[in-house]
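Throughout, residue positions are numbered sequentially from 1 according to the sequence presented.
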Amino acid sequence: MNAWEKRKLGEISPLRGGFAFKSSEFKDKGIPIIRISNIKSDGKVGGDFVYYHEQEVDQSYLLPQRAALLAMSGATTGKVAILHKQHEGKYYQNQRVGYFSKVKDASYSFISVLDCNNKVTT
């Protein structure tokens, strides 16, 4: 059995920034975009979503189920939420929303149980 090792979160799950989608191209239907306003104080992702047309190459801002997200600017800086997808489709990550990305040597299921009522520092 291996001993616990104290590590900074950014070492085991690097923070990835989102994409600057053009607000003039937001739609009523399509792929939901997770914005800072969708990161709620209760640790959930919700509220009113905006949508975008599906991109051919979207791996750099595609979010998986149970993604650990961080608000990275404004009055909401430091809020953390876990994405619980409401449907099987894609979700896109907007700018100023951080995603603690998966790495092969760390258990992401452990990372995604962050205490969402506390601020996270990387």
Side-chain angles (χ1 to χ4, degrees):
M1 179 184 281
N2 293 333
W4 282 85
E5 187 177 323
K6 186 176 180 178
R7 306 284 297 272
K8 290 186 176 189
L9 181 58
E11 293 175 32
I12 61 170
S13 187
L15 191 63
R16 177 187 84 182
F19 185 75
F21 293 95
K22 295 179 182 177
S23 59
S24 62
E25 295 182 17
F26 288 166
K27 303 192 173 305
D28 294 331
K29 293 182 181 181
I31 309 297
I33 298 174
I34 307 297
R35 301 179 295 168
I36 287 177
S37 61
N38 298 116
I39 299 175
K40 301 300 180 187
S41 297
D42 64 359
K44 296 179 183 175
V45 174
D48 294 328
F49 291 96
V50 296
Y51 300 86
Y52 212 74
H53 56 278
E54 187 170 6
Q55 304 291 290
E56 283 187 39
V57 180
D58 59 9
Q59 290 302 312
S60 62
Y61 46 86
L62 191 61
L63 293 170
Q65 175 72 299
R66 296 197 51 77
L69 305 174
L70 173 71
M72 295 175 29
S73 71
T76 61
T77 300
K79 278 197 309 185
V80 177
I82 305 299
L83 174 61
H84 296 280
K85 292 184 176 183
Q86 301 299 312
H87 60 81
E88 295 296 319
K90 297 178 175 186
Y91 284 77
Y92 287 160
Q93 173 192 8
N94 200 31
Q95 65 182 351
R96 299 186 319 267
V97 170
Y99 160 54
F100 291 102
S101 56
K102 294 181 180 187
V103 293
K104 68 178 181 178
D105 294 335
S107 169
Y108 199 79
S109 60
F110 177 75
I111 293 164
S112 67
V113 295
L114 295 167
D115 179 3
C116 294
N117 294 315
N118 292 318
K119 291 190 177 190
V120 174
T121 58
T122 56

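For the atom pair K79 NZ and L70 CG, the distance stands at 11.0 Å (nearest 0.5 Å). Put simply, CG on D58 and OH on Y52 are 12.0 Å apart, with the number rounded to the nearest 0.5 Å. Summarising the geometry, atom CG belonging to L83 is positioned 10.5 Å from atom CD belonging to Q93; distances are rounded to the nearest 0.5 Å.
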>> As a quick check of understanding, evaluate side chain to side chain contact (heavy atoms under 4.5 Å, CB included) for F100 and R16, giving each step before the final call.
In response: CA-CA 6 Å; F100 291 102; R16 177 187 84 182; over 6 Å; no
> Can you check side chain to side chain contact (heavy atoms under 4.5 Å, CB included) on I34 and V45, steps first, answer last?
Replying inline: CA-CA 8 Å; I34 307 297; V45 174; 3.5 Å; yes
>> Please determine whether side chain to side chain contact (heavy atoms under 4.5 Å, CB included) holds for the pair M72 and L15, giving the CA-CA distance in whole Å, both sets of side-chain angles, and the decisive distance to 0.1 Å.
In response: CA-CA 10 Å; M72 295 175 29; L15 191 63; 3.9 Å; yes
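Smallest separation of non-hydrogen atoms from I39 and A71: CD1-N, 3.6 Å. Shown here for R66 and H84, the closest heavy-atom pair between the two residues is NH1-CE1, 2.7 Å. The two atoms that bring L63 and L69 nearest to each other are CD2-CD2, 3.8 Å, heavy atoms only.
Grouping the Ile, Leu, Val, Met, Phe, Trp and Tyr side chains by contacts below 4.5 angstrom, directly or via other members, places I36 with Y91. Criterion: ILVMFWY side-chain heavy atoms under 4.5 Å apart, direct or through other members. Under it, F19 and V97 are not part of a common hydrophobic cluster.
Formation of a donor-acceptor pair under 3.5 Å by the K44 side chain with backbone atoms of S41 is not found in this model. Judged by distance alone, with hydrogens and angles left aside, the side-chain atoms of N38 form a donor-acceptor pair with the main-chain N or O of G46 at under 3.5 Å. Counting only distance, with no hydrogens or angles, the side chain of S101 and the backbone of S13 share no donor-acceptor pair below 3.5 Å.
The aromatic ring centroids of Y61 and Y99 lie 6.0 Å or more from each other. For F21 and Y92, the distance between ring centers is under 6.0 angstrom.
In this structure, Y51 and F26 have side chains that are not in contact, with every pair of non-hydrogen atoms separated by 4.5 Å or more.
For the residue pair R35 and Q95, no side-chain donor N or O sits within less than 3.5 Å of a side-chain acceptor on the partner. Side-chain polar atoms of Q55 and H53 form a donor-acceptor pair below 3.5 angstrom.
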